[in-house]
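The model shown is predicted, which means the values in this text are computed figures rather than measured ones.
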Amino acid sequence: MTTPNIRTIGRISRTKRAIVSKLRPSQWMRVIAVATLFIALVRNTVLNDVDVVMGSTESQNGRVRGSSYTTVHDVNTMNINTNFPKRPPKPPIIYNDMSQMPNISSSGPNEVNNMGGLYEYTNVCLTRHISGTELQGILYLQPNDAVLLHNRERCKPRSAPLNHHQMVAVNVADYSYCNAELKLDEYQHVPSLVETVHYFEDPVISLNFNMNIGHSLFDYLLVYLPHWYAYRSNNNFPFGGVISHVMDGCLDEDNSFWFCEILRSMNAFGEDAIQLPHQPDDGTLYCYKSLYLIHIAHWQKKYAFEGHLTKKPVFDTFRDLLFDEFELKRGREYHLQEKMNETQHSSMKQKRLLFYSHAPSGRRVWNGMNELIERYRNEPKYKKEVHFHIVHDFGAYSAREQAALFNEADAIVMVHGAQMGNSIFSVDGTLFVEIGCRIPTYIGNPLYMALLEGQYKIVNRCKGGLNKTICLTCVGKDDDYDNFTMTSSAFQSMVDDVLVELDDAKDKRLSANNKE
């Protein structure tokens with residue numbers, strides 16, 4: 001590279017002065033704004049470089065993919081970008097000697113945002129059940145309750161209103177003493193004998209979901225959605241941390257679990273919420289100045305009837321964002337189907353029916369489903385009009401692939417199961433046919449169907465004396481999990497009914513579009 005000489009520098013300086021002298025005040029403001037942004041970006045890049053150089057000494061305690069206390073920038077952030085870094089989380093206060101921990105008094109649960117489903121506790125500790133399930137325990141501390149000390153079973157886990165266990169003690173040392181005295185086995189929570197306490201001062205929300213994707217949707221997400229919408233609308237998410245005893249690293253970018261991908265795509269807990277790591281050992285207890293809990297399964301039991309989870313704006317805002325993140329179509333374009341001519345690919349005009357027998361589970365299996373579909377697939381009345389799509393195992397598909405399958409279907413014809421959680425990816429107006437000897441349905445809730453503008457039908461056990469043409473022959477008496485078969489005539493009648501329903505829905509939507 002050639003070094004400029006003195007004359008060249010002089011010419012450049014004179015040119016700069018000439019340009020600067022002609023700038024108007026408004027142009028000056030833009031120049032200052034751009035310069036300020038540039039300086040901030042350069043400064044951020046330099047700091048990132050410093051952190052990376054120091055990584056060998058900091059990385060042992062540093063945050064890896066948002067999962068610990070101290071912020072250490074990733075090497076990729078050395079590139080200049082306009083994303084502001086997260087607020088560094090406040091590290092917990094650590095007590096290795098229980099006698100040094102000040103007494104704290106618990107309170108709660110207190111309803112949040114003046115609507116049910118999300119509750120806040122103050123100065124409580126969180127335990128996990130030794131079974132490894134999602135069952136949590138809340139340690140409630142009452143330092144000024146002298147009577148409590150005389151209750152020998154004060155620390156014994158008991159069912160609490162928000163679907164968790166609750167234990168009571170005077171303080172953390174008393175909790176350990178009580179557990180040692182009782183020698184609990186069946187009801188044991190971890191930790192039972194506390195050696196170290198981490199006390200978090202930033203507000204933390206418990207990400208305590210069921211690994212069954214259907215339950216994670218209906219028991220957790222639908223309860224939380226109105227709160228998410230309120231926080232998002234006002235840009236005031238209160239959470240500084242997220243703790244999960246179900247899955248460590250759920251919010252990490254490389255976590256492909258269905259529910260975790262949805263939470264990340266919607267930025268469920270705000271920009272400042274850092275996922276906290278699990279307790280490092282069975283002797284460490286996490287306590288929180290402010291802990292938020294979701295009332296698990298509250299939506300099915302009560303919440304839906306309180307009117308907070310509305311289609312507009314709450315559910316539609318969520319789905320608009322979700323469909324955009326997953327690159328899915330938002331609606332069914334009937335007007336384009338009407339304009340297709342015979343030379344265009346026939347599958348573009350076919351009604352797409354998505355089938356699943358639930359065979360991988362070994363229970364609640366639709367035996368003979370594949371044979372029925374193969375028999376009728378090439379029937380003249382179905383060959384041009386219907387595309388039968390069989391899913392053999394949803395476990396073989398990623399979350400995004402499952403989403404695409406539901407999104408592209410006109411009708412979902414499936415055995416009751418967790419895969420029905422993918423209904424949130426279906427376009428408005430989709431027809432759902434849920435099949436099983438007895439169906440403890442979630443998606444059949446009329447309020448949920450109203451959110452999807454969907455249609456719902458059920459096919460269950462044939463019962464003697466009833467002239468019912470579309471029903472199932474079940475094997476055994478355990479209705480919830482019995483395998484079953486369907487006759488050829490019943491299958492054909494079911495498919496015919498589905499096609500009629502889809503045509504009626506198409507006519508209604510075309511009529512509505514024409515009026516608009």
Practice item. Indicate the ring-plane relationship of His227 and Tyr224, choosing parallel, tilted or perpendicular according to the 30° and 60° boundaries. Key: parallel
Point to revise | Side-chain ion pair, Glu153 and Arg158, N-O less than 4.0 Å | key: yes
Check your understanding: Using 4.0 Å as the upper bound for N to carboxylate O, is an ion pair formed by Arg330 and Asp316?
Key -> yes
**Study point:** Aromatic plane relationship, Phe326 with Phe425 - under 30° parallel, 30 to 60° tilted, over 60° perpendicular
**Key:** tilted
Exercise for review: Classify the ring geometry between Phe209 and Phe257 as parallel (under 30°), tilted (30 to 60°) or perpendicular (over 60°).
Suggested key: parallel
Study note, to complete from the structure: Heavy atoms of Leu321 and Ser265 approach each other most closely as CD2-O, 2.8 Å
Point to revise | Candidate pair Leu431 and Tyr456, rule side-chain contact (heavy atoms from CB on, under 4.5 Å), full reasoning | key: CA-CA 6 Å; Leu431 172 61; Tyr456 178 79; over 6 Å; no
Check your understanding: Looking only at atom types and distance, does a side-chain atom of Thr317 sit under 3.5 Å from a main-chain N or O of Pro313, one as donor and one as acceptor?
Key -> yes
**Study point:** Parallel, tilted or perpendicular: ring planes of His295 versus Tyr119, cut at 30 and 60 degrees
**Key:** perpendicular
Review point. What class does the angle between the rings of Tyr286 and Tyr288 fall in, given that below 30° is parallel, 30 to 60° is tilted and above 60° is perpendicular?
Key: perpendicular
**Study point:** salt bridge (charged side-chain N to carboxylate O under 4.0 Å, His left out): pairs with one or both residues in residues 433-443, sequence neighbours excluded
**Key:** Arg438-Asp480
Practice item. Please work out which of the three classes, parallel, tilted or perpendicular, describes the rings of Phe259 and Tyr220, given edges at 30° and 60°. Key: perpendicular
Point to revise | Salt-bridge present (Arg319, Asp428; N to O < 4.0 Å) | key: yes
Review point. Going by the angle between their ring planes, with limits at 30° and 60°, are Phe218 and Tyr448 parallel, tilted or perpendicular?
Key: perpendicular
Check your understanding: Can you name the closest pair of heavy atoms from Val433 and Met420 and give their distance?
Key -> O-CE, 4.4 Å
Check your understanding: Below 4.0 angstrom, N of the basic side chain to O of the carboxylate: do Asp482 and Arg461 qualify?
Key -> yes
List the atom pairs, donor and acceptor, that lie under 3.5 Å between side-chain atoms in residues 92-104 and the rest of the protein, sequence neighbours left out.
residue	atom	partner	partner atom	Å
Asn96	OD1	Thr196	OG1	3.3
Asp97	OD1	Ser99	N	3.0
Asp97	OD1	Ser99	OG	2.7
Asp97	OD2	Ser99	OG	3.1

Practice item. Run the salt-bridge test on Asp272 and Lys90 with the 4.0 Å N-O cut-off and return the result as yes or no. Key: no
**Study point:** Between Tyr229 and Phe318, ring centroids under 6.0 Å
**Key:** no
